[in-house]
Amino acid sequence: MSSSNGMPLVVTIDGPAASGKSSTARMVAERLGMRHVDSGALYRGVTAARLQAGDPPDLWTEQSVLDAARRVTLVPGETTFEPRIDGEPCDAEIRGEAVTAVVSLVAKMAHVRAWVNATVRTTSAAHEAVADGRDMGTAVFPNARLKIWLVALPAERARRRVVQRTGRAPTAEELEAETLELESRDHRDREQTQPAADALWIDTNGISQDEQVGRIVALAEERRS
Ligand code: CDP
């Protein structure tokens with residue numbers, strides 16, 4: 001798909017933790033025949049690679065994290081790009097609690113952000129892309145033709161995250177613990193989690209994922225013509 005000016009169409013989907021960015025972006029990419037690029041998976045991949053050295057995160061230098069980043073690559077799948085560490089699949093590892101607990105520390109490092117942003121841009125240049133994260137519509141693709149900002153209440157985001165992890169409805173304790181974790185990550189990530197001035201907001205409370213995906217696909221198709 002190309003936009004009217006002949007440039008490859010880029011759609012950005014940003015929002016806070018567990019707002020459904022990645023699953024939405026993957027489905028939108030599938031429906032439009034584009035490729036999904038998940039910037040959060042890169043931050044997570046770098047964090048997982050650095051954790052393998054075993055020393056405590058508060059002693060990590062930015063250079064040592066950048067050295068770990070060199071071991072992380074994005075390998076094209078059918079509709080998405082999968083992160084690898086030393087060429088090995090690492091999906092379970094990057095979604096685990098150890099990574100989630102320290103990824104925001106890594107995401108604060110300016111050179112790491114520059115590396116992720118350059119990797120996302122290079123990957124997206126070769127394929128029409130749906131890029132998701134927190135700053136895709138601001139720092140990475142300020143000229144994207146379609147920018148989406150997803151919002152959902154913390155309790156709803158926590159519910160979705162537990163269902164994703166366990167495959168069942170959360171208990172009250174799980175919901176409370178997950179909401180606290182998400183709110184503290186929102187706080188740590190607040191600087192880079194900003195909607196672009198020209199982003200379209202989609203409130204996902206009370207709408208199904210299909211409906212959410214359908215709205216974004218329709219908007220992207222409008223931009224196509
Ligand atoms: O899906 P979830 O919101 O849990 O997180 P993610 O998209 O996998 O991103 C994991 C972490 O990477 C976030 O908590 C941020 O610290 C960082 N991140 C970022 O700073 N900028 C981005 N564009 C994407 C992720």
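Position 1 is the first residue of the sequence, and the numbers go up from there. Counting starts at 1 for both ligands and their atoms, following the listed order.
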Can you find an N or O of [X] that's nearer than 3.5 Å to an N or O of ligand 1?
X: Asp132; result: no
X: Gln192; result: yes
X: Asp189; result: yes
X: Asp38; result: no

### Query
Does CD belonging to Glu176 count more than 12 external heavy atoms closer than 6.0 Å?
no

Salt-bridge test for [X] and [Y]: reply yes if a basic N is under 4.0 Å from a carboxylate O, no otherwise.
X: Asp14; Y: Lys21; result: no
X: Arg223; Y: Glu221; result: no
X: Glu178; Y: Arg165; result: yes
X: Arg113; Y: Asp189; result: no
X: Glu30; Y: Arg26; result: no

Which of the atoms in ligand 1, numbered in the order shown and given with their element, are less than 4.0 Å from a heavy-atom of [X]?
X: Ala17; answer: 3 (O)
X: Met136; answer: 23 (N)
X: Asp135; answer: 22 (C), 23 (N)
X: Gly40; answer: 6 (P), 7 (O), 8 (O), 9 (O), 24 (C), 25 (C)
X: Val103; answer: 11 (C), 12 (O)
X: Gly133; answer: 23 (N), 24 (C)
X: Ala18; answer: 2 (P), 3 (O)

### Query
Which class fits the ring pair Phe81 and His127: parallel under 30°, tilted 30 to 60°, perpendicular over 60°?
perpendicular

Nearest-contact summary for [atom] - protein heavy atom, Å:
atom: atom 7 (O) of ligand 1; answer: Arg134 NH1, 3.4 Å
atom: atom 10 (C) of ligand 1; answer: Arg44 NE, 3.6 Å
atom: atom 24 (C) of ligand 1; answer: Ser39 OG, 3.4 Å
atom: atom 17 (C) of ligand 1; answer: Ala107 CB, 3.8 Å
atom: atom 12 (O) of ligand 1; answer: Tyr43 CB, 3.5 Å
atom: atom 21 (N) of ligand 1; answer: Arg113 NH2, 3.0 Å

### Query
Heavy-atom distance to atom 1 (O) of ligand 1: which of Arg161, Gln164, Arg185 wins?
Arg161

#### Entry: Identified side chain to side chain contact (heavy atoms under 4.5 Å, CB included) counterpart of Thr47 within the set Val103, Leu105, Ile94
Val103

### Donor-acceptor contact below 3.5 Å, side chain Arg190 vs main chain His187
yes

### Query
Any sub-3.5 Å donor-acceptor pair from Arg121's side-chain atoms to Val140's backbone N or O?
yes

## Note on the structure
Distance col, row Leu146:CG vs Leu200:CG, nearest 0.5 angstrom, shows 6.0 Å

